[in-house]
Amino acid sequence: VIEEQDVEDPLWELEMALLESDVEMSVAQEMLDGIRNDLVGATRKFSAETGDVVEDALRDSLLSVISVGQFDFDQRVAEADKPLVIIFTGVNGVGKTTSIAKLSRYFEERGYSSVMANGDTYRAGANQQIREHADALDTKLIAHEQGGDPAAVIYDAVEYADAHDIDIVLGDTAGRLHTSEGLMDQLEKIGRVVDPDMTIFVDEAVAGQDAVQRAKEFDEAAEIDGSILTKADADSKGGAAISISHVTGKPILFLGTGQGYDDIEQFDPERMVERLLGDEEEEE
Amino acid sequence: MVLDNLGSSLRGSLDKLSGKSRVSEDDVEEIVKEIQRSLLQADVDVSLVMDLSSSIKERALEEEPPGGTTARDHVLSIVYEELVGLVGESTEIPLENQTILLAGLQGSGKTTTSAKMAWWFSKKGLRPAVIQTDTFRPGAYDQAKEMCSRAEVDFYGDPDNEDPVDIARKGLEETADADIHIVDTAGRHALEDDLIDEIEEIESVVDPDRNLLVLDAAIGQGAKDQAQQFDESIGIDGVVITKLDGTAKGGGALTAVNETDSSIAFLGSGETVQDVERFEPNGFISRLLGM
Ligand SMILES: Nc1nc2c(ncn2[C@@H]2O[C@H](COP(=O)(O)OP(=O)(O)OP(=O)(O)O)[C@@H](O)[C@H]2O)c(=O)[nH]1
Ligand SMILES: Nc1nc2c(ncn2[C@@H]2O[C@H](COP(=O)(O)OP(=O)(O)OP(=O)(O)O)[C@@H](O)[C@H]2O)c(=O)[nH]1
Ligand SMILES: [K+]
Ligand SMILES: [Mg+2]
Ligand SMILES: [Mg+2]
């Protein structure tokens with residue numbers, strides 16, 4: 001029988017390991033509480049150390065959090081009525097615009113045409129940035145002047161796609177912090193005016209504890225269907241993936257792995273769990 | 001004292017000490033746990049949190065409170081001293097001619113910060129110029145140019161030149177009249193060897209008086225390795241924390257300061273050029289502890 005005191009030390013070590021991987025504290029604690037409840041009092045036939053049992057339990061728990069809601073993205077795209085309208089949201093500088101450029105290439109390689117809509121009518125240089133991507137990728141771009149109404153730009157892009165048989169509308173939005181009420185309201189408005197088929201929340205693998213807060217607030221302002229985690233090449237463990245899937249209950253769809261157009265991968269929950277637990281094993 | 005208005009759980013455990021003149025080991029244990037929680041939730045490096053909390057614990061148990069000090073105030077002042085000892089005063093930025101190089105991860109806020117700092121220097125009566133050496137990110141030239149025109153400061157960049165080192169060299173010549181030269185660079189991270197070599201070259205041509213690492217307040221545990229790599233490559237003299245208008249606590253900056261043996265120079269709290277201030281330790285420490 002496993003006693004409470006047998007698991008305390010291994011659980012503490014795992015909690016620190018999760019924090020070192022950037023899993024948010026309350027999320028980490030919730031997972032470990034679940035493991036404690038499952039293990040304590042259970043009778044186990046095992047030759048392994050209790051520590052290994054605890055780690056196995058954590059692996060299972062991480063996998064179940066991070067696999068939440070996984071769906072076949074390509075299939076959903078294939079089956080959707082066209083044009084399929086996707087809006088990208090997230091805080092400043094995480095990689096929304098770059099991810100749109102990458103996905104435009106991704107869709108083209110799978111035989112779909114796309115149009116980009118620059119719903120970032122706010123930031124300096126936003127129009128020029130997305131224009132350069134559109135030119136490099138030979139993708140149509142709909143943009144208005146700086147200061148214009150973001151919902152109107154995306155609306156125009158949907159009209160354009162309808163008229164020209166374009167399969168997918170990729171709607172960019174300005175970076176905004178979840179603390180900015182006015183800007184968060186604007187997201188709701190985009191949702192109302194455009195009624196997108198999919199809203200994708202973009203965050204970065206280097207993000208720490210705050211990932212939970214922002215994922216929650218973006219999901220509340222404009223309900224998300226899934227997330228993209230960028231900058232996975234920057235050597236962070238990416239525990240933000242756990243925090244985000246836990247708090248939104250929606251899947252991570254893609255990982256951004258660099259600044260090039262091909263640096264995007266379909267998200268693989270099992271690989272992410274290995275990555276999160278990676279150093280643990282090396283140390284042992 | 002600044003810490004008087006601490007986060008509620010930390011205040012709760014400190015309040016238990018309010019009448020006492022001596023602290024027991026259990027009291028200290030509980031308080032140290034709360035402090036650990038706050039710092040970990042603020043994204044301070046896990047091993048740094050452990051080091052900090054063990055010095056706090058040791059001191060709280062060993063040091064006699066000065067006459068007339070309650071146990072509560074004694075523990076509070078130890079916490080405060082340890083954190084101030086680490087974070088230090090604001091990086092010294094003399095109001096005189098100088099060159100500053102900005103470095104950091106993709107999207108951390110370098111370009112915005114370069115215009116903000118230029119605006120800040122211009123308000124101090126100096127004449128700044130921003131030099132944009134980012135030839136990689138689409139629209140980087142236009143972004144920096146527009147931000148500089150909003151800040152009403154001189155700007156140099158060349159969208160037709162693909163060599164950042166050459167742009168840096170020419171930019172310094174072309175803006176020779178300015179008092180302050182702020183050199184913006186493309187985003188890069190510690191594992192991008194080519195880009196790390198590139199910033200070393202830019203640094204050697206620019207020969208800055210100060211290299212500042214620009215960090216997003218929301219950066220997690222990766223702050224340590226990033227700061228270490230940038231320090232090794234170009235030497236980091238100060239940290240700028242951006243996006244403090246969000247809810248992230250900015251503990252990565254504490255890690256970075258510890259790792260690079262530097263200090264914090266500026267804080268960014270918005271997207272306009274005016275959203276910048278010099279670092280001030282009290283407010284930052286309060287934020288770390290969850291006030
Ligand atoms: N290393 C790395 N850099 C990335 C990745 N994705 C984006 N970036 C870089 O991150 C920076 C910011 O990317 P953007 O696409 O402009 O981010 P954004 O979210 O649109 O930013 P705002 O519109 O300003 O809020 C750029 O320098 C990108 O090249 C990635 O997966 N890996
Ligand atoms: N809310 C807020 N946004 C900020 C702040 N500083 C920068 N930003 C935003 O963060 C995003 C990235 O800022 P940039 O200045 O482009 O970052 P960068 O480090 O130059 O990015 P790269 O050149 O791609 O590496 C933009 O949307 C900025 O407007 C800040 O203090 N608060
Ligand atoms: K240093
Ligand atoms: Mg963008
Ligand atoms: Mg930049």
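Computed from a predicted structure; not experimentally measured. Quick note on labels: first sequence line is chain A, next is B, and so on, each numbered from 1.
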Given A:Gly95, A:Ala240, A:Ala207, the one with more heavy-atom pairs under 4.5 angstrom with chain B than any other is A:Ala207

Quick check for you: to the nearest 0.5 Å, what is the distance between [X] atom [atom1] and [Y] atom [atom2]?
X	Y	atom1	atom2	value
A:Met25	B:Gln41	CE	CD	4.5 Å
B:Ser108	A:Glu204	OG	CD	9.0 Å
B:Gln106	A:Thr98	CD	OG1	9.0 Å
A:Arg176	B:Asp245	CZ	CG	13.5 Å
B:Arg37	A:Ser26	CZ	OG	8.5 Å
A:Arg123	B:Thr111	CZ	OG1	9.0 Å

Can a donor-acceptor pair be found, under 3.5 Å and without considering hydrogens, that links the side chain of A:Asp22 to the backbone of B:Gln221? yes

Looking at every non-hydrogen atom in both residues, tell me the closest pair between A:Ala124 and B:Met147 and how far apart they are. CB-SD, 3.7 Å

Looking only at heavy atoms, what is the nearest atom pair of A:Arg214 and B:Ala218, with distance? NH1-CB, 3.3 Å

Sequence neighbours left out, what pairs pass ring pair (Phe, Tyr, Trp, His ring centres under 6.0 Å) with at least one residue falling in residues 129-153 of chain B? B:Tyr141-B:Phe155

Tell me the residues of residues 252-263 of chain A whose non-hydrogen atoms fall below 4.5 Å from those of chain B, in number order. A:Gln259

Taking non-hydrogen atoms and a cut-off under 4.5 angstrom, which of residues 131-149 of chain A neighbour chain B? A:Glu132, A:His133, A:Gln146

Answer yes or no: is there a side-chain heavy-atom contact under 4.5 Å between [X] and [Y]?
X	Y	value
A:Asp233	B:Glu192	yes
B:Gln143	A:Gln128	no
B:Glu271	A:Asn92	yes
A:Asp235	B:Asp225	yes

Which of B:Ala248, B:Gly109, B:Ala42, B:Gly222 touches chain A most, by non-hydrogen pairs under 4.5 Å: B:Ala248

Option in B:Leu191, B:Ile219, B:Thr247 with maximal non-hydrogen atom pairs under 4.5 Å from chain A: B:Thr247

Heavy-atom distance under 4.5 Å to chain A: side chain of B:Asp45, backbone, both or neither? neither

Hey, is CD on B:Glu152 packed in by over 12 heavy atoms from elsewhere, all under 6.0 Å? no

May I have the step-by-step check of side-chain contact (heavy atoms from CB on, under 4.5 Å) for A:Gln209 and B:Lys249, ending in yes or no? CA-CA 9 Å; A:Gln209 302 281 306; B:Lys249 303 290 199 302; over 6 Å; no

Give every residue pair that meets the salt bridge (charged side-chain N to carboxylate O under 4.0 Å, His left out) criterion with at least one member in residues 137-150 of chain B, sequence neighbours excluded. B:Glu146-B:Arg150

